[in-house]
Amino acid sequence: MPTGTLLLIDDEPSLRQLLSQILELEGYTVLQAATAYRGLELLQEHVDEILVILSDVKLPDGNGLALLPRYQEKAPLAEVILMTAYGTIPDVVQAMKQGAFDYLTKGDSDRQLVAVVSRAVDKAQLKRRVAELEKRVALPYTFDAMVGHSTALNQAKSLAQRVAQTDSTVLLEGPTGSGKELFAQAIHEASPRRTKPFVAVNCSAFPKDLLESELFGYKKGAFTGALTDKKGLLEEANTGTLFLDEIGELPLELQAKLLRVLETQQFTKIGATKPSSADVRIVAATNRNLRQEADAGHFRPDLYYRLAVFTVAVPPLNARREDIEPLANHFLRLYAAKLRKRLRGMDADFLRHLTHYNWRGNVRELKNVLERAVILADGDVLTPEYLPAEFDQPQPSPDAPSLVDDERTLRSAEKSHIRRILLETHGNKTETARILGIALTTLYRKLQEYEL
(Lines give C-alpha, C1' and ligand atoms only; values in the text may rest on other atoms or scores of the structure.)
Protein backbone atom coordinates (compact mmCIF):
# COMPACT_ATOMS: atom_id res chain seq x y z
CA MET A 1 0.00 0.00 0.00
CA PRO A 2 1.36 3.48 -0.87
CA THR A 3 2.55 5.72 1.93
CA GLY A 4 3.42 9.39 2.13
CA THR A 5 2.00 12.74 3.15
CA LEU A 6 -0.13 14.85 0.81
CA LEU A 7 -1.38 18.44 1.18
CA LEU A 8 -4.91 19.09 -0.15
CA ILE A 9 -5.94 22.75 -0.57
CA ASP A 10 -9.59 23.31 -1.55
CA ASP A 11 -12.28 25.64 -0.21
CA GLU A 12 -15.19 23.20 -0.74
CA PRO A 13 -15.50 21.22 2.55
CA SER A 14 -17.52 18.33 1.12
CA LEU A 15 -15.22 17.79 -1.87
CA ARG A 16 -12.10 18.20 0.28
CA GLN A 17 -13.41 15.60 2.72
CA LEU A 18 -14.32 13.18 -0.08
CA LEU A 19 -10.91 13.45 -1.77
CA SER A 20 -9.18 13.01 1.59
CA GLN A 21 -11.11 9.82 2.30
CA ILE A 22 -10.29 8.38 -1.13
CA LEU A 23 -6.57 9.10 -0.72
CA GLU A 24 -6.43 7.93 2.91
CA LEU A 25 -7.97 4.61 1.84
CA GLU A 26 -4.98 4.28 -0.51
CA GLY A 27 -2.62 4.61 2.47
CA TYR A 28 -1.69 8.27 2.27
CA THR A 29 -1.71 10.81 5.11
CA VAL A 30 -3.69 13.87 3.95
CA LEU A 31 -3.29 17.36 5.43
CA GLN A 32 -6.23 19.67 4.62
CA ALA A 33 -6.42 23.43 4.09
CA ALA A 34 -9.38 25.59 2.99
CA THR A 35 -7.31 28.61 1.94
CA ALA A 36 -4.03 29.35 0.23
CA TYR A 37 -2.77 31.06 3.38
CA ARG A 38 -3.44 28.01 5.54
CA GLY A 39 -2.00 25.75 2.86
CA LEU A 40 1.26 27.67 2.83
CA GLU A 41 1.37 27.50 6.64
CA LEU A 42 0.99 23.71 6.59
CA LEU A 43 3.56 23.46 3.83
CA GLN A 44 6.03 25.41 5.97
CA GLU A 45 5.35 23.21 9.01
CA HIS A 46 5.55 19.86 7.17
CA VAL A 47 7.92 20.61 4.29
CA ASP A 48 10.08 17.55 5.04
CA GLU A 49 7.04 15.23 4.92
CA ILE A 50 4.83 16.51 2.10
CA LEU A 51 5.42 14.75 -1.20
CA VAL A 52 2.52 16.09 -3.27
CA ILE A 53 0.41 19.27 -3.13
CA LEU A 54 -3.10 19.10 -4.62
CA SER A 55 -4.34 22.68 -4.99
CA ASP A 56 -7.58 24.09 -6.32
CA VAL A 57 -7.04 26.83 -8.90
CA LYS A 58 -9.77 29.14 -7.55
CA LEU A 59 -9.22 29.79 -3.84
CA PRO A 60 -10.77 32.52 -1.66
CA ASP A 61 -7.42 34.25 -1.17
CA GLY A 62 -5.50 33.37 -4.28
CA ASN A 63 -5.18 31.63 -7.60
CA GLY A 64 -3.60 28.19 -7.62
CA LEU A 65 -1.84 28.81 -10.90
CA ALA A 66 -0.35 32.06 -9.58
CA LEU A 67 0.56 30.30 -6.32
CA LEU A 68 2.46 27.52 -8.11
CA PRO A 69 5.87 29.30 -7.89
CA ARG A 70 5.37 29.83 -4.13
CA TYR A 71 4.58 26.15 -3.61
CA GLN A 72 7.72 25.24 -5.57
CA GLU A 73 9.84 27.75 -3.66
CA LYS A 74 8.77 26.46 -0.25
CA ALA A 75 8.91 22.75 -1.20
CA PRO A 76 11.17 22.28 -4.25
CA LEU A 77 11.19 18.48 -3.86
CA ALA A 78 7.36 18.18 -3.79
CA GLU A 79 5.16 17.74 -6.86
CA VAL A 80 2.13 20.00 -7.49
CA ILE A 81 -1.18 18.86 -9.00
CA LEU A 82 -3.64 21.64 -9.85
CA MET A 83 -7.42 21.06 -9.77
CA THR A 84 -10.30 23.05 -11.27
CA ALA A 85 -13.98 22.66 -11.97
CA TYR A 86 -13.56 24.13 -15.46
CA GLY A 87 -10.35 23.01 -17.10
CA THR A 88 -9.23 24.67 -20.31
CA ILE A 89 -6.39 23.78 -22.62
CA PRO A 90 -4.56 27.14 -22.18
CA ASP A 91 -4.66 26.68 -18.39
CA VAL A 92 -3.28 23.16 -18.70
CA VAL A 93 -0.46 24.32 -20.98
CA GLN A 94 0.39 27.21 -18.65
CA ALA A 95 0.42 24.95 -15.59
CA MET A 96 2.71 22.38 -17.21
CA LYS A 97 5.05 25.10 -18.46
CA GLN A 98 5.38 26.40 -14.90
CA GLY A 99 6.31 22.97 -13.61
CA ALA A 100 3.04 21.47 -12.36
CA PHE A 101 3.07 17.66 -12.36
CA ASP A 102 -0.48 17.43 -13.74
CA TYR A 103 -3.80 19.28 -14.09
CA LEU A 104 -7.05 17.56 -13.01
CA THR A 105 -10.66 18.49 -13.65
CA LYS A 106 -12.91 18.01 -10.63
CA GLY A 107 -15.34 15.19 -11.25
CA ASP A 108 -12.77 12.96 -12.96
CA SER A 109 -12.89 9.31 -11.86
CA ASP A 110 -11.44 8.26 -8.52
CA ARG A 111 -9.20 5.84 -10.37
CA GLN A 112 -7.66 8.65 -12.42
CA LEU A 113 -7.07 10.74 -9.28
CA VAL A 114 -5.35 7.86 -7.49
CA ALA A 115 -3.21 7.03 -10.55
CA VAL A 116 -2.03 10.63 -10.99
CA VAL A 117 -1.24 11.01 -7.28
CA SER A 118 0.66 7.69 -7.27
CA ARG A 119 2.85 8.81 -10.17
CA ALA A 120 3.46 12.18 -8.52
CA VAL A 121 4.46 10.48 -5.24
CA ASP A 122 6.88 8.19 -7.10
CA LYS A 123 8.52 11.18 -8.79
CA ALA A 124 8.74 13.14 -5.53
CA GLN A 125 10.34 10.20 -3.73
CA LEU A 126 12.83 9.79 -6.57
CA LYS A 127 13.70 13.50 -6.41
CA ARG A 128 14.37 13.15 -2.69
CA ARG A 129 16.64 10.15 -3.19
CA VAL A 130 18.59 11.92 -5.93
CA ALA A 131 18.89 15.06 -3.79
CA GLU A 132 20.21 12.99 -0.91
CA LEU A 133 22.78 11.30 -3.13
CA GLU A 134 23.82 14.61 -4.66
CA LYS A 135 24.25 15.99 -1.16
CA ARG A 136 26.53 13.10 -0.29
CA VAL A 137 28.53 13.52 -3.49
CA ALA A 138 28.85 17.25 -2.83
CA LEU A 139 30.29 16.62 0.63
CA PRO A 140 34.06 16.91 0.89
CA TYR A 141 36.02 13.68 0.56
CA THR A 142 36.50 12.89 4.23
CA PHE A 143 37.59 9.82 6.15
CA ASP A 144 34.12 9.63 7.72
CA ALA A 145 32.55 9.45 4.26
CA MET A 146 34.50 6.28 3.37
CA VAL A 147 32.22 3.24 3.19
CA GLY A 148 33.30 0.27 5.31
CA HIS A 149 34.32 -0.60 8.84
CA SER A 150 36.82 -3.44 8.36
CA THR A 151 39.93 -3.65 10.50
CA ALA A 152 42.18 -3.26 7.44
CA LEU A 153 40.40 -0.10 6.30
CA ASN A 154 40.28 1.39 9.79
CA GLN A 155 44.02 0.83 10.27
CA ALA A 156 44.81 2.60 6.99
CA LYS A 157 42.42 5.46 7.85
CA SER A 158 43.96 5.84 11.31
CA LEU A 159 47.47 6.22 9.87
CA ALA A 160 46.30 8.63 7.16
CA GLN A 161 44.36 10.76 9.65
CA ARG A 162 47.43 11.14 11.84
CA VAL A 163 49.67 12.32 9.02
CA ALA A 164 46.97 14.52 7.47
CA GLN A 165 47.39 17.17 10.16
CA THR A 166 51.05 17.60 9.24
CA ASP A 167 52.68 18.93 6.08
CA SER A 168 54.69 15.75 5.47
CA THR A 169 54.92 14.03 2.11
CA VAL A 170 52.79 10.88 1.96
CA LEU A 171 53.20 7.78 -0.21
CA LEU A 172 50.04 5.70 -0.69
CA GLU A 173 50.72 2.10 -1.66
CA GLY A 174 48.05 -0.30 -2.89
CA PRO A 175 46.73 -2.17 -5.92
CA THR A 176 44.86 -0.48 -8.74
CA GLY A 177 41.25 0.37 -7.90
CA SER A 178 41.66 0.19 -4.13
CA GLY A 179 40.87 3.88 -3.51
CA LYS A 180 44.23 5.62 -3.27
CA GLU A 181 42.91 8.87 -4.77
CA LEU A 182 40.04 8.86 -2.28
CA PHE A 183 42.62 8.60 0.53
CA ALA A 184 44.63 11.45 -1.01
CA GLN A 185 41.56 13.69 -1.13
CA ALA A 186 40.64 12.78 2.45
CA ILE A 187 44.18 13.64 3.61
CA HIS A 188 43.87 17.02 1.89
CA GLU A 189 40.43 17.69 3.45
CA ALA A 190 41.76 16.85 6.92
CA SER A 191 44.84 19.06 6.52
CA PRO A 192 45.40 22.78 7.21
CA ARG A 193 45.43 23.19 3.40
CA ARG A 194 41.79 22.02 3.02
CA THR A 195 40.61 25.41 1.70
CA LYS A 196 43.37 25.50 -0.91
CA PRO A 197 43.54 23.69 -4.28
CA PHE A 198 43.70 19.91 -4.61
CA VAL A 199 45.25 19.04 -7.99
CA ALA A 200 45.56 15.45 -9.22
CA VAL A 201 47.63 14.14 -12.12
CA ASN A 202 48.09 10.57 -13.35
CA CYS A 203 51.75 10.20 -14.24
CA SER A 204 51.02 7.24 -16.54
CA ALA A 205 48.53 9.19 -18.65
CA PHE A 206 51.02 11.48 -20.42
CA PRO A 207 54.14 10.96 -22.55
CA LYS A 208 57.32 12.34 -20.97
CA ASP A 209 57.48 15.69 -22.81
CA LEU A 210 53.82 16.46 -22.28
CA LEU A 211 53.97 15.43 -18.62
CA GLU A 212 56.90 17.80 -18.05
CA SER A 213 55.00 20.76 -19.49
CA GLU A 214 51.86 19.80 -17.55
CA LEU A 215 53.71 19.59 -14.25
CA PHE A 216 56.16 22.45 -14.53
CA GLY A 217 54.68 24.70 -17.23
CA TYR A 218 56.63 26.56 -19.90
CA LYS A 219 57.56 30.02 -21.11
CA LYS A 220 56.37 31.58 -24.33
CA GLY A 221 58.61 30.51 -27.23
CA ALA A 222 60.09 27.54 -25.36
CA PHE A 223 59.16 25.30 -28.29
CA THR A 224 57.10 25.39 -31.46
CA GLY A 225 53.51 26.06 -30.51
CA ALA A 226 54.31 27.70 -27.16
CA LEU A 227 52.54 30.93 -28.03
CA THR A 228 51.94 32.05 -24.42
CA ASP A 229 53.26 31.30 -20.96
CA LYS A 230 51.63 28.23 -19.41
CA LYS A 231 51.18 27.59 -15.70
CA GLY A 232 52.02 24.07 -14.66
CA LEU A 233 50.11 21.96 -12.17
CA LEU A 234 52.66 22.80 -9.50
CA GLU A 235 51.65 26.45 -9.75
CA GLU A 236 47.96 25.51 -9.92
CA ALA A 237 48.38 23.61 -6.64
CA ASN A 238 50.32 26.41 -4.94
CA THR A 239 49.49 26.55 -1.18
CA GLY A 240 47.48 23.34 -1.63
CA THR A 241 48.08 19.65 -2.36
CA LEU A 242 49.46 18.01 -5.51
CA PHE A 243 48.46 14.36 -5.89
CA LEU A 244 50.79 12.36 -8.15
CA ASP A 245 49.06 9.10 -9.03
CA GLU A 246 51.09 6.20 -10.42
CA ILE A 247 54.30 7.94 -9.39
CA GLY A 248 56.25 4.81 -10.36
CA GLU A 249 55.59 5.70 -14.02
CA LEU A 250 57.36 9.08 -13.72
CA PRO A 251 60.34 9.14 -16.16
CA LEU A 252 63.79 9.24 -14.54
CA GLU A 253 64.55 12.68 -16.03
CA LEU A 254 61.48 14.17 -14.35
CA GLN A 255 62.22 12.41 -11.08
CA ALA A 256 65.24 14.67 -10.63
CA LYS A 257 63.11 17.79 -11.12
CA LEU A 258 60.49 16.51 -8.67
CA LEU A 259 63.19 15.78 -6.11
CA ARG A 260 64.29 19.42 -6.31
CA VAL A 261 60.72 20.55 -5.67
CA LEU A 262 60.53 18.35 -2.56
CA GLU A 263 63.83 19.63 -1.25
CA THR A 264 63.68 23.33 -2.15
CA GLN A 265 60.05 24.06 -3.22
CA GLN A 266 61.56 25.39 -6.45
CA PHE A 267 61.40 24.29 -10.10
CA THR A 268 62.28 25.64 -13.51
CA LYS A 269 59.72 25.98 -16.27
CA ILE A 270 60.58 24.74 -19.76
CA GLY A 271 62.37 27.61 -21.54
CA ALA A 272 62.83 29.65 -18.34
CA THR A 273 66.17 30.93 -17.04
CA LYS A 274 65.05 31.61 -13.47
CA PRO A 275 63.48 29.18 -11.01
CA SER A 276 59.90 29.51 -9.79
CA SER A 277 58.59 28.66 -6.34
CA ALA A 278 55.58 26.62 -5.27
CA ASP A 279 54.42 25.88 -1.76
CA VAL A 280 52.81 22.47 -2.28
CA ARG A 281 52.30 19.34 -0.27
CA ILE A 282 53.00 16.20 -2.29
CA VAL A 283 50.87 13.09 -1.88
CA ALA A 284 51.95 10.29 -4.22
CA ALA A 285 50.45 6.89 -4.98
CA THR A 286 51.74 3.71 -6.56
CA ASN A 287 50.72 0.12 -7.21
CA ARG A 288 54.38 -0.86 -7.45
CA ASN A 289 56.98 -1.69 -4.83
CA LEU A 290 59.07 1.46 -5.22
CA ARG A 291 61.77 0.21 -2.86
CA GLN A 292 62.42 -2.75 -5.14
CA GLU A 293 62.07 -0.51 -8.21
CA ALA A 294 64.79 1.69 -6.73
CA ASP A 295 66.98 -1.35 -5.98
CA ALA A 296 66.55 -2.46 -9.59
CA GLY A 297 67.52 0.99 -10.91
CA HIS A 298 64.07 1.84 -12.26
CA PHE A 299 63.37 4.57 -9.71
CA ARG A 300 65.66 7.08 -8.02
CA PRO A 301 66.45 5.90 -4.49
CA ASP A 302 66.83 9.48 -3.22
CA LEU A 303 63.38 10.37 -4.54
CA TYR A 304 61.88 7.20 -3.06
CA TYR A 305 63.19 8.01 0.42
CA ARG A 306 62.00 11.61 0.05
CA LEU A 307 58.53 10.45 -0.98
CA ALA A 308 58.25 7.71 1.62
CA VAL A 309 58.44 10.05 4.60
CA PHE A 310 55.15 8.50 5.65
CA THR A 311 53.74 5.43 3.89
CA VAL A 312 50.12 4.28 4.06
CA ALA A 313 49.14 0.88 2.66
CA VAL A 314 45.63 1.08 1.17
CA PRO A 315 44.20 -2.46 1.51
CA PRO A 316 42.86 -4.43 -1.46
CA LEU A 317 39.17 -5.37 -1.38
CA ASN A 318 40.04 -9.04 -0.78
CA ALA A 319 41.63 -7.97 2.51
CA ARG A 320 38.45 -6.18 3.66
CA ARG A 321 35.68 -8.56 2.60
CA GLU A 322 33.36 -7.42 5.39
CA ASP A 323 33.17 -4.08 3.52
CA ILE A 324 31.81 -5.67 0.32
CA GLU A 325 28.15 -5.65 1.45
CA PRO A 326 28.03 -1.98 2.58
CA LEU A 327 29.96 -0.92 -0.53
CA ALA A 328 27.59 -2.87 -2.78
CA ASN A 329 24.56 -1.31 -1.09
CA HIS A 330 26.10 2.14 -1.52
CA PHE A 331 26.69 1.63 -5.25
CA LEU A 332 23.24 0.07 -5.68
CA ARG A 333 21.55 3.16 -4.23
CA LEU A 334 23.77 5.45 -6.28
CA TYR A 335 23.04 3.82 -9.65
CA ALA A 336 19.38 3.04 -8.91
CA ALA A 337 18.78 6.76 -8.36
CA LYS A 338 20.90 7.76 -11.33
CA LEU A 339 19.16 5.31 -13.67
CA ARG A 340 15.72 5.83 -12.11
CA LYS A 341 15.31 2.18 -11.12
CA ARG A 342 13.20 1.16 -8.12
CA LEU A 343 15.39 -1.47 -6.44
CA ARG A 344 14.90 -2.76 -2.91
CA GLY A 345 18.27 -4.47 -2.60
CA MET A 346 20.16 -7.70 -3.36
CA ASP A 347 19.10 -11.27 -2.71
CA ALA A 348 21.24 -13.54 -0.53
CA ASP A 349 22.67 -15.48 -3.48
CA PHE A 350 23.75 -12.28 -5.27
CA LEU A 351 25.53 -11.09 -2.11
CA ARG A 352 27.14 -14.52 -1.63
CA HIS A 353 28.63 -14.31 -5.13
CA LEU A 354 30.04 -10.87 -4.33
CA THR A 355 31.62 -11.88 -1.05
CA HIS A 356 33.27 -15.00 -2.49
CA TYR A 357 34.57 -13.41 -5.67
CA ASN A 358 38.29 -12.76 -6.17
CA TRP A 359 38.29 -8.96 -6.68
CA ARG A 360 41.33 -8.31 -8.85
CA GLY A 361 40.06 -4.82 -9.73
CA ASN A 362 39.17 -4.02 -6.12
CA VAL A 363 36.55 -1.36 -5.27
CA ARG A 364 36.56 -0.01 -8.82
CA GLU A 365 35.64 -3.45 -10.18
CA LEU A 366 32.88 -3.84 -7.58
CA LYS A 367 31.49 -0.45 -8.57
CA ASN A 368 31.43 -1.44 -12.24
CA VAL A 369 29.74 -4.77 -11.47
CA LEU A 370 26.97 -3.01 -9.51
CA GLU A 371 26.43 -0.44 -12.27
CA ARG A 372 26.08 -3.25 -14.81
CA ALA A 373 23.68 -5.18 -12.58
CA VAL A 374 21.46 -2.13 -12.02
CA ILE A 375 21.34 -1.45 -15.77
CA LEU A 376 20.26 -5.04 -16.48
CA ALA A 377 17.82 -5.37 -13.59
CA ASP A 378 14.17 -5.61 -14.60
CA GLY A 379 12.86 -6.53 -11.15
CA ASP A 380 13.14 -4.83 -7.78
CA VAL A 381 15.90 -7.10 -6.40
CA LEU A 382 19.36 -7.87 -7.81
CA THR A 383 19.90 -11.59 -8.46
CA PRO A 384 22.94 -13.57 -9.73
CA GLU A 385 21.62 -13.54 -13.32
CA TYR A 386 22.74 -9.90 -13.54
CA LEU A 387 26.37 -10.75 -12.73
CA PRO A 388 29.09 -11.23 -15.39
CA ALA A 389 29.82 -14.79 -16.52
CA GLU A 390 33.10 -15.02 -14.60
CA PHE A 391 31.18 -15.06 -11.32
CA ASP A 392 30.08 -18.63 -12.15
CA GLN A 393 33.70 -19.79 -12.29
CA PRO A 394 35.38 -21.30 -9.19
CA GLN A 395 37.24 -18.60 -7.28
CA PRO A 396 40.54 -19.28 -5.48
CA SER A 397 40.38 -18.46 -1.80
CA PRO A 398 43.26 -16.48 -0.28
CA ASP A 399 43.05 -18.80 2.73
CA ALA A 400 42.98 -22.00 0.71
CA PRO A 401 45.45 -24.60 2.06
CA SER A 402 48.14 -26.15 -0.09
CA LEU A 403 46.79 -28.94 -2.29
CA VAL A 404 50.11 -30.74 -2.75
CA ASP A 405 52.03 -30.27 0.50
CA ASP A 406 50.83 -32.48 3.31
CA GLU A 407 54.07 -32.75 5.30
CA ARG A 408 54.38 -30.59 8.38
CA THR A 409 57.80 -29.27 7.37
CA LEU A 410 59.31 -25.78 7.19
CA ARG A 411 59.61 -26.21 3.42
CA SER A 412 55.91 -27.07 3.15
CA ALA A 413 54.91 -24.12 5.36
CA GLU A 414 57.04 -21.71 3.31
CA LYS A 415 55.56 -22.96 0.04
CA SER A 416 52.00 -22.64 1.38
CA HIS A 417 52.67 -19.14 2.69
CA ILE A 418 54.11 -17.93 -0.61
CA ARG A 419 51.12 -19.42 -2.48
CA ARG A 420 48.68 -17.65 -0.13
CA ILE A 421 50.39 -14.26 -0.56
CA LEU A 422 50.44 -14.73 -4.34
CA LEU A 423 46.68 -15.31 -4.26
CA GLU A 424 46.15 -12.20 -2.12
CA THR A 425 48.12 -10.06 -4.58
CA HIS A 426 46.56 -11.73 -7.64
CA GLY A 427 49.96 -12.92 -8.84
CA ASN A 428 51.72 -9.55 -8.45
CA LYS A 429 55.25 -10.78 -7.74
CA THR A 430 56.63 -7.35 -6.83
CA GLU A 431 53.91 -6.85 -4.22
CA THR A 432 54.32 -10.44 -3.01
CA ALA A 433 58.05 -9.92 -2.45
CA ARG A 434 57.36 -6.70 -0.54
CA ILE A 435 54.86 -8.40 1.79
CA LEU A 436 57.21 -11.35 2.35
CA GLY A 437 60.11 -8.98 3.03
CA ILE A 438 62.41 -10.62 0.49
CA ALA A 439 64.13 -9.47 -2.70
CA LEU A 440 62.32 -10.01 -5.99
CA THR A 441 65.17 -12.25 -7.21
CA THR A 442 64.76 -14.39 -4.09
CA LEU A 443 61.05 -14.74 -4.78
CA TYR A 444 61.69 -15.87 -8.35
CA ARG A 445 64.15 -18.46 -7.06
CA LYS A 446 61.56 -19.72 -4.56
CA LEU A 447 58.87 -19.90 -7.25
CA GLN A 448 61.15 -22.01 -9.43
CA GLU A 449 62.23 -24.17 -6.51
CA TYR A 450 58.64 -24.89 -5.40
CA GLU A 451 57.30 -25.04 -8.99
CA LEU A 452 54.65 -22.41 -8.15
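All residue numbers in this chain count up from 1 along the given sequence.
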- Message: What verdict does the side chain to side chain contact (heavy atoms under 4.5 Å, CB included) test give for R281 and T166, after you've listed the backbone C-alpha separation in whole Å, the side-chain angles of each residue and the deciding distance to 0.1 Å?
- Response: CA-CA 10 Å; R281 181 190 194 171; T166 72; 3.7 Å; yes
We want to know whether [X] and [Y] form a side-chain donor-acceptor pair, criterion being a heavy-atom distance below 3.5 angstrom.
{"X": "R300", "Y": "Q255", "result": "no"}
{"X": "T430", "Y": "Q292", "result": "no"}
{"X": "Y28", "Y": "T5", "result": "no"}
{"X": "Y357", "Y": "E365", "result": "yes"}

- Query: Got a sec, which residues hit ring-ring contact (aromatic ring centres under 6.0 Å, His included) with Y218, two or more places apart in sequence or on another chain?
  - Reply: F223
- Message: Is it the case that the side chain of K180 and the backbone of N287 share a donor-acceptor pair, with hydrogens and angles ignored and the cut-off at 3.5 Å?
- Response: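 No: the side chain of K180 does not pair with the backbone of N287.
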- Whether Q161 side chain and F143 backbone form a donor-acceptor pair below 3.5 Å: no
Straight-line distance of [X] [atom1] to [Y] [atom2], nearest 0.5 Å:
{"X": "D323", "Y": "N154", "atom1": "CG", "atom2": "CG", "answer": "8.0 Å"}
{"X": "L366", "Y": "W359", "atom1": "CG", "atom2": "CH2", "answer": "4.5 Å"}
{"X": "L15", "Y": "D10", "atom1": "CG", "atom2": "CG", "answer": "5.0 Å"}
{"X": "Q72", "Y": "L67", "atom1": "CD", "atom2": "CG", "answer": "11.0 Å"}
{"X": "N368", "Y": "R364", "atom1": "CG", "atom2": "CZ", "answer": "8.0 Å"}
{"X": "I81", "Y": "R119", "atom1": "CD1", "atom2": "CZ", "answer": "8.5 Å"}

Any side-chain heavy atom of [X] within less than 4.5 Å of one from [Y]?
{"X": "F310", "Y": "L171", "answer": "no"}
{"X": "L104", "Y": "Q112", "answer": "yes"}
{"X": "K338", "Y": "V130", "answer": "no"}
{"X": "L65", "Y": "L82", "answer": "yes"}
{"X": "N329", "Y": "M346", "answer": "yes"}
{"X": "K74", "Y": "V47", "answer": "no"}
{"X": "N428", "Y": "N289", "answer": "no"}
{"X": "E249", "Y": "E246", "answer": "yes"}

I'd like to know if [X] pairs up with [Y] as an ion pair, taking the criterion as any Lys NZ or Arg NE/NH1/NH2 lying under 4.0 Å from an Asp or Glu carboxylate oxygen.
{"X": "R70", "Y": "E73", "answer": "no"}
{"X": "D380", "Y": "R344", "answer": "yes"}
{"X": "E293", "Y": "R288", "answer": "yes"}

List the atom of [X], the atom of [Y], and the distance in Å for their closest heavy-atom pair.
{"X": "A164", "Y": "A190", "result": "CB-CB, 3.8 Å"}
{"X": "S178", "Y": "R320", "result": "O-NH1, 4.3 Å"}
{"X": "A336", "Y": "L343", "result": "CB-CD1, 4.2 Å"}
{"X": "A78", "Y": "I53", "result": "CB-CD1, 4.4 Å"}
{"X": "A66", "Y": "P69", "result": "O-CD, 3.2 Å"}
{"X": "N362", "Y": "L317", "result": "OD1-N, 2.9 Å"}

- The salt bridge (charged side-chain N to carboxylate O under 4.0 Å, His left out) partners of D347 (sequence neighbours excluded) come to none
- After noting the C-alpha distance and the side-chain angles of F101 and V80, does the key distance pass the side chain to side chain contact (heavy atoms under 4.5 Å, CB included) rule? CA-CA 5 Å; F101 179 80; V80 181; 5.9 Å; no
Which donor-acceptor pairs under 3.5 Å do side chains of residues 234-245 form with protein atoms, sequence neighbours excluded?
from : atom 1 : to   : atom 2 : distance (Å)
E235 : OE1    : K269 : NZ     : 2.9
N238 : OD1    : D279 : N      : 2.7
T241 : OG1    : H188 : ND1    : 2.7

- Query: Taking only residues two or more places apart in sequence or in another chain, which ones pass side-chain hydrogen bond (donor to acceptor under 3.5 Å, both in side chains) with D349?
  - Reply: R352
Other residues, nucleotides, ligands: >12 heavy atoms within 6.0 Å of [X] [atom1]:
{"X": "K127", "atom1": "NZ", "value": "yes"}
{"X": "K106", "atom1": "NZ", "value": "yes"}
{"X": "R194", "atom1": "CZ", "value": "yes"}
{"X": "H46", "atom1": "NE2", "value": "yes"}

Using a 3.5 Å cut-off and no angle test, enumerate the donor-acceptor pairs between side-chain atoms of residues 371-379 and protein atoms at least two apart in sequence or in another chain.
from : atom 1 : to   : atom 2 : distance (Å)
R372 : NH1    : Y386 : O      : 2.9
D378 : OD1    : Y386 : OH     : 2.7

What side-chain donor-acceptor pairs closer than 3.5 Å can you find for residues 195-204, not counting sequence neighbours?
from : atom 1 : to   : atom 2 : distance (Å)
N202 : OD1    : S204 : N      : 2.9
N202 : OD1    : S204 : OG     : 2.5

- Message: One pair to check against side-chain hydrogen bond (donor to acceptor under 3.5 Å, both in side chains): E322 and S150. What are the steps and the verdict?
- Response: CA-CA 6 Å; E322 56 266 54; S150 64; 4.8 Å; no
- Going through the distances and angles, do D56 and I9 end up as a side chain to side chain contact (heavy atoms under 4.5 Å, CB included)? CA-CA 6 Å; D56 191 6; I9 309 172; over 6 Å; no
- Query: Are L307 and F299 close enough, and set up right, to give a side chain to side chain contact (heavy atoms under 4.5 Å, CB included), and what steps lead you there?
  - Reply: CA-CA 12 Å; L307 286 171; F299 198 85; 3.9 Å; yes
